[in-house]
2 protein chains.
Amino acid sequence: MASLKDVAVHAGVSVSTASLALREDPAVKEVTRQRIRRVADELGYRPNGIARDLKVKKTDMIAVLLHDLGGPFYSELLRGVQDRSHQRGFTAIVACSAKGKSSAMTRLLLENRVAGAIILDPVIDESEISSVASEDLPIVVLDREIQAPHVYAVSADHEGGAFKATTHLLDRGYRLIGFLGGPEDSFHSRMRFEGYRRALSQAGVDFDGDLVCYGMFTEDSGYDAGFRLFANGRHPDAIFAANDEMAIGLLRSLEEQGLSVPDDVALVGFDDIRLTQYVSPALTTVRQPMYQLGSDAVEQLFQILSGNADIESVMLSTELVIRQSSGVTPRSPIRG
Amino acid sequence: MASLKDVAVHAGVSVSTASLALREDPAVKEVTRQRIRRVADELGYRPNGIARDLKVKKTDMIAVLLHDLGGPFYSELLRGVQDRSHQRGFTAIVACSAKGKSSAMTRLLLENRVAGAIILDPVIDESEISSVASEDLPIVVLDREIQAPHVYAVSADHEGGAFKATTHLLDRGYRLIGFLGGPEDSFHSRMRFEGYRRALSQAGVDFDGDLVCYGMFTEDSGYDAGFRLFANGRHPDAIFAANDEMAIGLLRSLEEQGLSVPDDVALVGFDDIRLTQYVSPALTTVRQPMYQLGSDAVEQLFQILSGNADIESVMLSTELVIRQSSGVTPRSPIRG
DNA sequence: TTGAAAGCGCTAACAC
DNA sequence: GTGTTAGCGCTTTCAA
């Protein structure tokens, strides 16, 4: 592998001149520069970014750590990350946040290979994240609340989205509204539950713990929950599921129980995954601004790395997407 | 940021001893090692991987370049990459293969930051890839045929999958089998077309160019194609679509044209994306071994980097997944 | 306009 | 067992 020194020798100049020339520094005479460039090409010279980073003690790489590489709906998020990174001169690399000796967490974050990181992982330990963040490694967490030095937050408004979803059901006249949550320690599930509670409370509807059930954010767990929710004579007239996967599982179980959606039971999900448009009836849900989440996270990191002092948490609003599963005509509107 | 030297000074040892100690080298006396470890912790020392890589002139990082970060069905692929990387001691980082000044292609591959790369991008220029591959940067391309030094291939058997799909339709008695391709220069589309042709030919069924149509691998383009395929009195009794997205668009257009699937027209797709199970009728399709594709790509890279001389291209077989869209009962079986 | 030299943080001979 | 030393390939003063 040809090094800068090789280029310099072959071009009959010093290393420093070669370095300047290849970076198009105007201090180097045009003709010299061209000669150096030509030699570099002939030798197949490629700059060694590692060495460069070491010397200048900084890097343009930022890491995006995801819990589940390739989860179907990171797509938009990564597009946002990509676009903004490009705009800010970063190179974003994505990896899995799993812990371990040769993991990305270790290699990229603990070994100083990136300038900063964006983490979207609802299950990784809070202490893990705060212990890894430092002066030299600011971390932006997505959809989490972590109070620690050098940890910053960009979130979608889950509570607000859940509030909108539940209020939507209330508007359509439903009163026995069930809640299907994810794992109880999940931030997403908790926030969505709180929005649900707030909507009920604001509408003056009593909360009924019997109408609450938990799954694991998977389709199968939603399916199972569908039976539990209607066991023992309980009969919610609507259900707000904390994510679409579970809502879809729920849909399947309701069908099996001979219940029609939305006629017997209305249903609202969360996330707006692609499938929601294809199930029958199409699922009313809450959309998160994934693109902007990614884009804002990078921007946040950029500001931090630029030494900007006053960084505030960002909260992005969510949007209710009304489809068929929540009924069509308001039956006894209580608002709007 | 505390460096190894800082640790050494504070612990009253030399840098090399500190280095050895922190890497748990048994040459260092236990008590010294513990002292050094403690000092390192106190100082919040973190090894600088960049410096290490520069010194040892190698790195454990490999890059996975995808055309479209987060495309819905890279999930399995990345899981395969992840698992095998871990097993082989690599750290895999994923990035977008788009070209550009501060792109991953440039930063990671051209600046010597990774030991090798895996590229899955059906549209990136072949010359781009072969020019970037080198002695020091072996590249494994997925689902492409590139003949160039230091470029290796791992593919799914698209031709074979298409052959299976088409033969399946023939087995069920269909004879006017249309083909809905992707962009004509696409490797995937071409391979799948060839499998289609071979199946027809082997069954002694004449190929009819009028039954062929092209889209862009998107649902919408499949929808549009659905009208073209049935314009001017043409009437295929079955269609093999080169991917599921188009097949699903096609499904929608057939429905709009009052044609029933599979009664009026049978349909087979390719890829086995999740949606295929949810559309109605559920789509018969061809599944690629995505996990294995990822896992084998990493293994291939590992072998190359280990100096293994005889590396051969890998071709993985695909699997026909029979659902409702291709009819239920064979109407006049020609085989099996 | 170009060159000499220092050094980023680390590892690996080699010496003691 | 531990220390000394010489770089890895690059950028960046500072001199010439």
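By convention in this document, chain letters (A, B, ...) are assigned in the order of the sequence lines, proteins followed by strands, and residues within each chain are numbered from 1.
- The pair B:D41-B:R37 meets the salt-bridge criterion, with a side-chain N (NZ, NE, NH1 or NH2) lying under 4.0 Å from an Asp/Glu carboxylate O.
- The distance from atom CZ of A:R52 to atom P of D:dT11 is 6 Å, rounded to the nearest whole Å.
- A donor-acceptor contact shorter than 3.5 Å is absent between the side chain of B:S295 and the backbone of B:Y291.
- In this structure, B:L54 atom CG and C:dG7 atom C1' are separated by 12 Å, rounded to whole Å.
- In this structure, the nucleotide among D:dC8, D:dT12, D:dC10 sitting nearest to the side chain of A:V56 is D:dT12.
- Paired with A:L142 under the rule side-chain contact (heavy atoms from CB on, under 4.5 Å), one option of A:V64, A:L66, A:L77 passes, and it is A:L77.
- The nucleotide whose nearest atom lies closest to any side-chain atom of B:L4 is, among D:dT11, D:dC8, C:dT11, C:dT11.
- Separating the CG atom of A:D53 from the C1' atom of C:dC10 is a distance of 15 Å, rounded to the nearest angstrom.
- Residues of residues 27-38 of chain A that place a heavy atom closer than 4.0 Å to DNA chain C, in numerical order, are A:A27, A:V28, A:K29, A:T32.
- Summarising the local packing, NZ of B:K99 is surrounded by more than 12 heavy atoms from other residues, nucleotides or ligands at distances under 6.0 Å.
- At whole-Å resolution of the value, NZ in B:K58 and P in D:dG9 are 16 Å apart.
- Taking 4.0 Å as the cut-off between side-chain N and carboxylate O, B:R144 and B:D121 do not count as a salt-bridged pair.
- Distance CG (A:N112) to P (C:dG9): 10 Å, rounded to an integer number of Å.
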Exercise for the section: Could you walk me through whether A:Y74 and A:L120 pass side chain to side chain contact (heavy atoms under 4.5 Å, CB included), step by step? Expected result: CA-CA 10 Å; A:Y74 293 156; A:L120 173 49; 3.8 Å; yes
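- Rounded to the nearest 0.5 angstrom, A:I146 CD1 and A:I119 CD1 are separated by 7.5 Å.
- To the nearest angstrom, P of C:dC10 lies 10 Å from NZ of A:K57.
- B:S306 and B:N308 form no side-chain donor-acceptor contact under 3.5 Å, judged by distance and modelled atom types alone.
- Side chain of A:D25 to main chain of A:A27: a donor-acceptor pair is present (N/O by atom type, distance under 3.5 Å, no hydrogens or angles).
- To the nearest angstrom, C1' of C:dA5 lies 10 Å from NZ of A:K55.
- Within residues 5-26 of chain A, the residues having any heavy atom under 4.0 Å from DNA chain C are, by residue number, A:G12, A:V13, A:S14, A:S16, A:T17.
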